[in-house]
Every structure is written in C-alpha cells, then in structure tokens.
S.K.: 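Can you read through this structure? Questions will come right after.
These numbers were taken from a predicted model, which means no experiment stands behind them.
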Amino acid sequence: KALYYDAAADASPHASPPTPRYTVAEDSGLMIDALGGEPGVRSARFLRADATYPERFSDIYRRLNEARPHAWDARFACALAVVHAGAVVFETAGTIEGRIADAPSGTAGFGYDPIFYHPLSGRTLAEINESAKARISHRGEAFRRLADWLEPQLQATRAF
C-alpha cells in the first residue's frame, strides 16, 4: 500500500520534480479466533463493501453462536509501512487483545469498536474516550513506534 501511494505521488500530473519524502500507509483489521481470523484484512469489506456495521455485527454474532459459544477471543491488528525513495524502509505492527462483547455497546469510535471488549479497561472500545483509546489501541501502538523511528530521521535531515 505504501509502495503504491509512493509511486502514485510520483506519477501524479501535479507532481513536481521528485523530492525526498516518506510515504506512510497503514491497514488495520479485527481478527476473531473462533472465525479463523475473520474478518481480518477484509474488515472494511466484510460481508460486502456496502454492508453496514450492524449487519456485520449480526453476522459475526450468528457465526460465533454457531461456532464456539463463549470462545470469542479477538484482537485488532495494525500493520504500518514507510517507503522512502521507492523502498520500504520501516515496518511495524500494533495489536490490542480482547474479545467480542456479548452485545454492541458504546457510541465513541467507529467500525467494530462497539463489539470489541477490552478486558483491561472493562469496556468496549466504543465506550472509551479518544485519548484513552489512543494509549491502548493497535493504531496508537504502531504510530508510537513510527514516531520513535521517525525522530532520528528528522534530526538527521535538520543537520544539513
């Protein structure tokens, strides 16, 4: 994804002569153990591209009840990559462990947050405020690692 965006930036009709840049891309998904890791990388298109999240939740609960009741361990995972000069120069990932909640709960967040129960906080991600979620989430973890990697890169460019 990062390689694609980096190449697309160079191919843009609005592109000026290539300048050194970092292109960052990430992708995240919900993986449910009892469903063999689904929806996984297809989380945003699970069931079908135009499915609503309530439709997705309903299908997940139906399948979980048929598969293995109460064995609903799950995690969110985020993969992040950085491209510089046409090559991947940094990759990282972040995860948050939890389980599928007995029922959707909460209005904060987006996507699958209302059905993802985080045991350490005792709430679904949709019941956690944005700043607290950033501290514990898969994306927060991946982007903190990016920031740690990026700081020396930026310092090196400031030295010139």
S.K.: Hey, are the side chains of Y117 and S105 touching, using non-hydrogen atoms and a 4.5 Å cut-off?
M.R.: no
S.K.: By side-chain contact (heavy atoms from CB on, under 4.5 Å), which residues pair with A2, not counting sequence neighbours?
M.R.: A25, A81, V83
S.K.: So F90 and Q153, do their side chains get closer than 4.5 Å, heavy atoms only?
M.R.: no
S.K.: Closest heavy-atom contact between E141 and A93?
M.R.: OE2-O, 4.2 Å
S.K.: Would a 4.5 Å heavy-atom cut-off, applied to side chains only, mark L125 and F76 as touching?
M.R.: yes
S.K.: Evaluate whether atom CZ of R144 has more than 12 neighbouring non-hydrogen atoms of other residues, nucleotides or ligands under 6.0 angstrom away.
M.R.: yes
S.K.: Applying ring pair (Phe, Tyr, Trp, His ring centres under 6.0 Å), which residue pairs with at least one partner in residues 25-57 are found, sequence neighbours left out?
M.R.: Y53-Y112
S.K.: What pair of heavy atoms forms the shortest contact from E97 to F116, and how long is it?
M.R.: C-CZ, 3.7 Å
S.K.: Are R99 and D33 close enough for a salt bridge, meaning some N to O gap below 4.0 Å?
M.R.: no
S.K.: Less than 4.5 Å apart, any side-chain heavy atom of K133 and any of D113?
M.R.: yes
S.K.: Taking all non-hydrogen atoms of both residues into account, name the closest pair between G29 and S43 and its distance.
M.R.: CA-OG, 3.4 Å
S.K.: So W72 and N65, side chain to side chain contact (heavy atoms under 4.5 Å, CB included) or not? Walk me through it.
M.R.: CA-CA 9 Å; W72 296 4; N65 282 317; 3.5 Å; yes
S.K.: Quick check: do P39 and I32 have side-chain heavy atoms less than 4.5 Å from each other?
M.R.: yes
S.K.: Starting at CZ of F143, measure out to OG1 of T92 and round the result to the nearest 0.5 Å.
M.R.: 10.5 Å
S.K.: Might you point out which heavy atoms bring I128 and S121 nearest each other, and give the distance in Å?
M.R.: CD1-OG, 3.3 Å
S.K.: Take V82 and L150 through the test side chain to side chain contact (heavy atoms under 4.5 Å, CB included) and record every step on the way to the result.
M.R.: CA-CA 10 Å; V82 178; L150 195 55; over 6 Å; no
S.K.: Between I60 and I115, is any pair of side-chain heavy atoms under 4.5 Å apart?
M.R.: yes
S.K.: Which atom pair, heavy atoms only, marks the closest approach of A49 to R56?
M.R.: O-NH2, 3.6 Å
S.K.: Do the side chains of D59 and R62 get close enough for a salt bridge, i.e. N-O under 4.0 angstrom?
M.R.: yes
S.K.: Given the rule in the side chain to side chain contact (heavy atoms under 4.5 Å, CB included) test, do I100 and L64 qualify, once you have shown the distances and angles that lead to the verdict?
M.R.: CA-CA 9 Å; I100 301 302; L64 283 172; 3.9 Å; yes
S.K.: Give the minimum heavy-atom separation between A9 and R21, together with the two atoms involved.
M.R.: CB-NH2, 3.6 Å
